[in-house]
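Computed from a predicted structure; not experimentally measured. Throughout, residue positions are numbered sequentially from 1 according to the sequence presented.
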Amino acid sequence: MLDALTVATSVAALALAAWCGWATYRDQPTKDWHFIGMGVVTVLTVVQLVVGIVQLARGEKPEQGTTIFVAYLLGALACVPVTGFMSLAERTRWGSVTVAAGGVVLAVLEVRLYDIWGG
């Protein structure tokens, strides 16, 4: 895996979490700008998925197994979009809490992906 991409995705996810946490503190639901931020984080996870699949196709292997690595890649890809859709259903401050939690979960998944690959 590309360490810089993993770090960039983690930092972007934590920034999104802090931003949505600030909206929660101000008693606001997710707004259009939050969804743009979610889109940026999601694009980073798509790039990471493509890079991971290309590396697997080239014959590189994660230390802890290909199946778990791909499962974590897919989980990381789904994390922010799922919480974004959930925040659409809850148009109160709790929608912002949901996205903030999703950002933290994504950052943890990124650390785990780094460990699985052999970091």
Side-chain angles (χ1 to χ4, degrees):
M1 286 297 295
L2 297 175
D3 293 343
L5 180 59
T6 303
V7 170
T9 306
S10 297
V11 168
L14 290 174
L16 178 66
W19 189 18
C20 289
W22 178 249
T24 300
Y25 174 75
R26 293 179 22 198
D27 199 24
Q28 295 177 341
T30 50
K31 308 249 189 224
D32 291 342
W33 290 106
H34 295 114
F35 287 99
I36 292 171
M38 288 181 243
V40 169
V41 173
T42 301
V43 166
L44 287 171
T45 59
V46 167
V47 170
Q48 187 175 42
L49 175 70
V50 169
V51 168
I53 290 173
V54 166
Q55 286 184 323
L56 290 173
R58 290 174 46 203
E60 298 178 41
K61 299 288 182 193
E63 283 186 5
Q64 296 182 19
T66 302
T67 304
I68 193 165
F69 178 72
V70 172
Y72 269 88
L73 278 175
L74 293 174
L77 176 66
C79 188
V80 171
V82 167
T83 58
F85 283 121
M86 290 173 65
S87 76
L88 284 173
E90 183 60 50
R91 299 304 297 164
T92 64
R93 70 185 284 176
W94 297 106
S96 295
V97 169
T98 304
V99 176
V104 173
V105 168
L106 178 57
V108 171
L109 288 173
E110 292 297 316
V111 171
R112 184 67 181 120
L113 273 168
Y114 179 77
D115 289 340
I116 291 169
W117 189 259

Please report the closest heavy-atom contact between [X] and [Y], naming both atoms and the distance.
| X | Y | answer |
| --- | --- | --- |
| Ala100 | Ala17 | O-CB, 3.3 Å |
| Leu56 | Pro62 | CD2-CD, 3.6 Å |
| Ala12 | Leu44 | CB-CD1, 3.7 Å |
| Ile116 | Gly65 | CG2-O, 4.2 Å |
| Ser10 | Glu110 | OG-CB, 3.0 Å |
| Ala13 | Leu106 | CB-CD2, 3.7 Å |

So, taking the atom named [atom1] in [X] and the one named [atom2] in [Y], what distance separates them when rounded to the nearest 0.5 Å?
| X | Y | atom1 | atom2 | value |
| --- | --- | --- | --- | --- |
| Lys31 | Arg91 | NZ | CZ | 8.0 Å |
| Lys61 | Trp117 | NZ | CH2 | 9.0 Å |
| Ile53 | Arg58 | CD1 | CZ | 14.0 Å |
| Met86 | Trp94 | CE | CH2 | 13.0 Å |

May I ask whether [X] and [Y] are part of the same hydrophobic cluster, defined by side-chain heavy atoms of I, L, V, M, F, W, Y residues being less than 4.5 angstrom apart, directly or through others?
| X | Y | answer |
| --- | --- | --- |
| Val43 | Met38 | no |
| Trp22 | Trp33 | no |
| Val70 | Leu113 | yes |
| Val105 | Val111 | no |
| Ile36 | Val80 | yes |

Test item: Trp19 and His34 side chains (from C-beta on) under 4.5 Å apart, heavy atoms:
yes

Validation row: Thr45, Leu49 side chains within 4.5 angstrom (heavy atoms):
no

Taking the hydrophobic residues Ile, Leu, Val, Met, Phe, Trp and Tyr, and joining any pair whose side-chain heavy atoms are under 4.5 Å apart, which ones share a cluster with Val40?
none

Does Thr66 have any side chain to side chain donor-acceptor pair (under 3.5 Å) partners at least two apart in sequence or in another chain, and if so, which?
none

Among Leu16, Val11, Leu14, which one satisfies side chain to side chain contact (heavy atoms under 4.5 Å, CB included) with Val41?
Leu16

Using side chain to side chain contact (heavy atoms under 4.5 Å, CB included) as the criterion, point out the one residue from Leu77, Leu2, Thr6 that pairs with Gln48.
Thr6

What pairs of residues pass the side-chain hydrogen bond (donor to acceptor under 3.5 Å, both in side chains) test when at least one of them lies in residues 69-87, not counting sequence neighbours?
Thr30-Ser87

Is there a donor-acceptor pair closer than 3.5 Å between any side-chain N or O of Ser96 and the backbone N or O of Thr92?
no

